[in-house]
Amino acid sequence: MQPYMPRAIAEFCARGERETFGPLGQAPYFLVDLNADSGSDCAALTGWLRTLPCPVIGIGAADSVLAPACDTVFTATQPIGTLQARIAAHPIAAMTLVQVLRLGEHLPPPAALTLESLAYATLQAGPEFFAWHSQHVTTPRTPPSDPGPPVLIDAADGVLHLTLNRPSNFNAITVEMRDALCEAFALAALDDAVHRITLRGAGRCFSVGGSLAEFGTTPDAATAHAVRSLRLPAASLLAAKKPLHVHVHGACIGGGAELAAFADVLTADTDAFFHLPELAMGLIPGAGGTVSFVRRLGRQNAAKLMLTGRRISYRNALNMGLVDAAEMEVWQ
């Protein structure tokens, strides 16, 4: 598919052809030629593009007047084949993701978390997640045998130090770890002596995200939303209103990356990498990533990472502003 020039976009807009695009239409995404002359009626074109039920991908100059209406922007020389294939394979999840990012960008973070959870629950009950889950059924695992609680807590000089403590499970965010994080952040909120929180992971990596062994174990999607409304570490962290320093190493995937991105300061070892794989599961980030990544990178850059599922190395994360510094420059 070639990018549409503004004149063609104006014709679509005039005919009201929104149904041509999206999961139920003929094209699961909409490409915009940002290098073409946009004409005079940019407001109408911008408004129409924002209503499309699919990702709107700008190709060309990021300073084009139509660029802000796009969900993400690529230069004319950047390949988009992987992006197109992923959207085509999961058009409902891709549509839902960009809709959440468009709306959530203008909401207070707690409200944006609720929006994310509602959308995530919708996708949990949808065909794309069902297809993924039916092919990735995990057998019950022996619970991790790591000694101690799932989150280690230590307080000193006004700092609450937290360590994810399930290294044998790569610090996957299980129900027990989720609850432990919520309780730790609630403790920080109640203790006026705590002025700052630090968070690390024990073992070989920071966290591989949500435990696949527990995916789909909630009775239904509506109940899962109800649980997230009460027990979401990101929401507990925001309610604590205490500065957070997160240091990551090794894998930082899915929910682990989403939580880390809420940090006021995010540092990393050079072996760290970040990955948001949810679209390939027929889902969107559901641990706060549609809020945390947008706050760190902006809506369009966050959408690019989520739609492409690209693995981000330490160096790239540092260059794009996802990581603030290396450990030797930790926040004092």
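Counting heavy atoms from C-beta outward, L307 and R86 have side chains that stay 4.5 Å or more apart. No side-chain heavy atom of S207 sits less than 4.5 Å from a side-chain heavy atom of M177. A heavy-atom distance below 4.5 Å is not found between the side chains of D191 and L160. Under the 4.5 Å side-chain criterion, counting only non-hydrogen atoms from C-beta, T96 is not in contact with T122. Looking only at side-chain heavy atoms (C-beta outward), F293 and L276 come within less than 4.5 Å of each other. Annotation: side chain of F274 is not in contact with side chain of N316 (no heavy-atom distance under 4.5 Å). Side-chain contact between T72 and T308 is absent, with no heavy-atom pair separated by less than 4.5 Å.
Taken together through direct or relayed side-chain contacts under 4.5 Å among Ile, Leu, Val, Met, Phe, Trp and Tyr, L238 and V194 form part of one hydrophobic cluster. There is no path of hydrophobic side-chain contacts, each under 4.5 Å, that joins F262 to V159. Hydrophobic clustering (side-chain heavy atoms under 4.5 Å, transitive across Ile, Leu, Val, Met, Phe, Trp, Tyr) groups L115 together with L123. Side-chain heavy atoms closer than 4.5 Å link hydrophobic residues (I, L, V, M, F, W, Y) into clusters, and following such links, possibly through other members, connects L49 to I87. Under a hydrophobic-cluster definition in which Ile, Leu, Val, Met, Phe, Trp and Tyr are linked whenever side-chain heavy atoms come within less than 4.5 Å, directly or via other members, F12 and L52 are assigned to the same cluster.
Taken to the nearest 0.5 Å, the CG atom of L107 stands 10.0 Å off from the CG atom of L113. Summarising the geometry, atom CG belonging to N35 is positioned 11.0 Å from atom CG belonging to L66; distances are rounded to the nearest 0.5 Å.
Sorted by first and then second residue, the ring-ring contact (aromatic ring centres under 6.0 Å, His included) pairs with a member in residues 75-106 form an empty list; sequence neighbours excluded. Applying the ring-ring contact (aromatic ring centres under 6.0 Å, His included) test to residues at least two apart or on different chains, the pairs with a partner in residues 48-87 are F30-W48.
A side chain to side chain donor-acceptor pair (under 3.5 Å) with T290 is found for one member of E278, E105, E116 and no other, namely E116. Only one option out of R102, R50, Q99 pairs with D71 in a side chain to side chain donor-acceptor pair (under 3.5 Å); it is R102. The only option from V291, N301, L322 that meets the side chain to side chain contact (heavy atoms under 4.5 Å, CB included) definition with R296 turns out to be L322.
Under 4.0 Å is where a charged nitrogen must lie from a carboxylate oxygen, and between D33 and R7 no such pair does.
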side-chain contact (heavy atoms from CB on, under 4.5 Å) evaluation trace for R15 with T20: CA-CA 11 Å; R15 296 196 300 264; T20 302; over 6 Å; no
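When all heavy atoms of M306 and L279 are compared, the pair lying nearest together is O-CB, 3.8 Å.
With no hydrogens or angles considered, no side-chain donor-acceptor pair links T198 and H245 at under 3.5 Å. Side-chain contact, T174 with R166: no donor N or O sits under 3.5 Å from an acceptor N or O.
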